[in-house]
Amino acid sequence: MAASTGVADGASSDLHGSVSSGPSMENPTVQYSMVLDHLIGDKRQIKELSPGVMGGLPVPVKSDEQKMIERGMESCGFKTVLACVGGFVLGGAFGVFTAGIDTNVGFDPKDPLRTPTAREVLKDMGQRGMSYAKNFAIVGAMFACTECIIESHRGKSDWKNAVYSGCVTGGAIGFRAGLKAGVLGCGGFAAFSAAIEYYMR
């Protein structure tokens, strides 16, 4: 009887030992495929990397209004308007400057010996400044618009966009004087754009 009890106790201990040594609900075995599913599989949780975690300065999450403003500022329309306004201001300043250093400003070709008045000089400077401002605004708007369209079409941001845009802008402006002037304008403006891009980059 004692022997049978010992055998039973040994069997129960072996049974408990085998149960304890095998996998259970509390300690399931970790399989390699499950780990891969959580790392690179469908169960992977995508988390946005925060610059603060990577050692950089923490950046607050952008709101929908900020994202909308950024999309608007990156649009071709905004770039065209900005280039138009900038060209107008720059052209006006350049026109006034060139008129200020020109000794023939305000002089009447019918009476070259007459000294021009201050009002005549300021009027001539204003007219020249406005003419330069309009021309610079048109060129700036055309260049910015064509560059943005070409960049969106190509899907790249490199020096070729400026060269292509310069060729289109120069060709369109020079084409009013003829085909030869259009070709020369295309080549000259493209070369100038390439030089500026090389210097800026």
Side-chain angles (χ1 to χ4, degrees), residues 62-201:
K62 296 179 181 179
S63 61
D64 294 336
E65 291 79 7
Q66 290 176 332
K67 294 179 180 179
M68 183 178 64
I69 292 174
E70 287 183 356
R71 286 194 299 268
M73 294 179 66
E74 293 176 357
S75 64
C76 294
F78 180 81
K79 291 180 179 179
T80 302
V81 173
L82 184 63
C84 182
V85 174
F88 187 86
V89 174
L90 182 62
F94 186 74
V96 172
F97 174 74
T98 56
I101 62 177
D102 190 1
T103 57
N104 294 325
V105 174
F107 281 93
D108 188 3
K110 298 179 180 179
D111 189 8
L113 298 178
R114 185 179 64 86
T115 302
T117 62
R119 179 177 293 181
E120 293 174 346
V121 172
L122 292 176
K123 182 180 179 181
D124 197 359
M125 291 176 64
Q127 291 177 351
R128 184 177 296 189
M130 183 60 65
S131 176
Y132 275 69
K134 291 179 180 179
N135 292 333
F136 273 62
I138 293 173
V139 172
M142 288 179 61
F143 184 84
C145 182
T146 53
E147 185 182 18
C148 183
I149 293 174
I150 292 172
E151 182 178 347
S152 301
H153 179 71
R154 294 182 67 235
K156 296 179 182 179
S157 178
D158 54 8
W159 59 273
K160 294 182 181 180
N161 297 330
V163 174
Y164 296 153
S165 178
C167 181
V168 172
T169 304
I173 293 174
F175 190 72
R176 295 180 297 178
L179 181 60
K180 185 178 179 180
V183 173
L184 291 177
C186 173
F189 218 108
F192 178 74
S193 301
I196 294 297
E197 283 294 317
Y198 178 78
Y199 176 76
M200 294 297 292
R201 293 178 184 269

Quiz item: Side chains of F88 and M130: closer than 4.5 Å at any heavy-atom pair?
Solution: yes
Quiz prompt | Distance (rounded to the nearest 0.5 Å) between F136 CZ and S131 OG | solution = 10.0 Å
Quiz item: Under the side-chain hydrogen bond (donor to acceptor under 3.5 Å, both in side chains) test, which residues partner Q127, sequence neighbours left out?
Solution: none
Quiz item: About how many Å separate CZ of F143 and CD1 of I173, when rounded to the nearest 0.5 Å?
Solution: 11.0 Å
Exercise. Can you measure from OH (Y164) to CZ (R154) and round to the nearest 0.5 angstrom?
Key: 5.5 Å
Exercise. Please identify each residue that fulfils side-chain contact (heavy atoms from CB on, under 4.5 Å) with T98, with sequence neighbours left out.
Key: F94, R128, Y132
Self-check item: S63 backbone acceptor or donor facing Q66 side chain under 3.5 Å
Solution: yes
Quiz item: SG of C76 to SG of C145, below 2.5 Å?
Solution: no
Quiz prompt | Reported OG1-to-CE distance for the pair T80 and M142, which is rounded to 0.5 angstrom | solution = 11.0 Å
Quiz item: Taking all atoms of both residues into account, what is the closest heavy-atom pair of S75 and G72, and its distance?
Solution: OG-O, 2.6 Å
Quiz item: What is the minimum heavy-atom distance between S193 and G166, and which atoms define it?
Solution: OG-CA, 3.7 Å
Exercise. Answer yes or no: is there a donor N or O on one side and an acceptor on the other, between the side chain of S165 and the main chain of T146, under 3.5 Å?
Key: no
Quiz item: Do side-chain atoms of N161 reach the backbone of K156 as a donor and acceptor pair under 3.5 angstrom?
Solution: yes
Quiz item: Which atom pair, heavy atoms only, marks the closest approach of M73 to K79?
Solution: O-CG, 4.2 Å
Exercise. May I ask you to test the M125-V121 pair for a side-chain heavy-atom distance under 4.5 Å?
Key: yes
Quiz prompt | Spacing of L184 atom CG and F175 atom CZ [to the nearest 0.5 Å] | solution = 13.0 Å
Quiz item: Nearest 0.5 Å, what's the CD1-CH2 distance between I196 and W159?
Solution: 15.0 Å
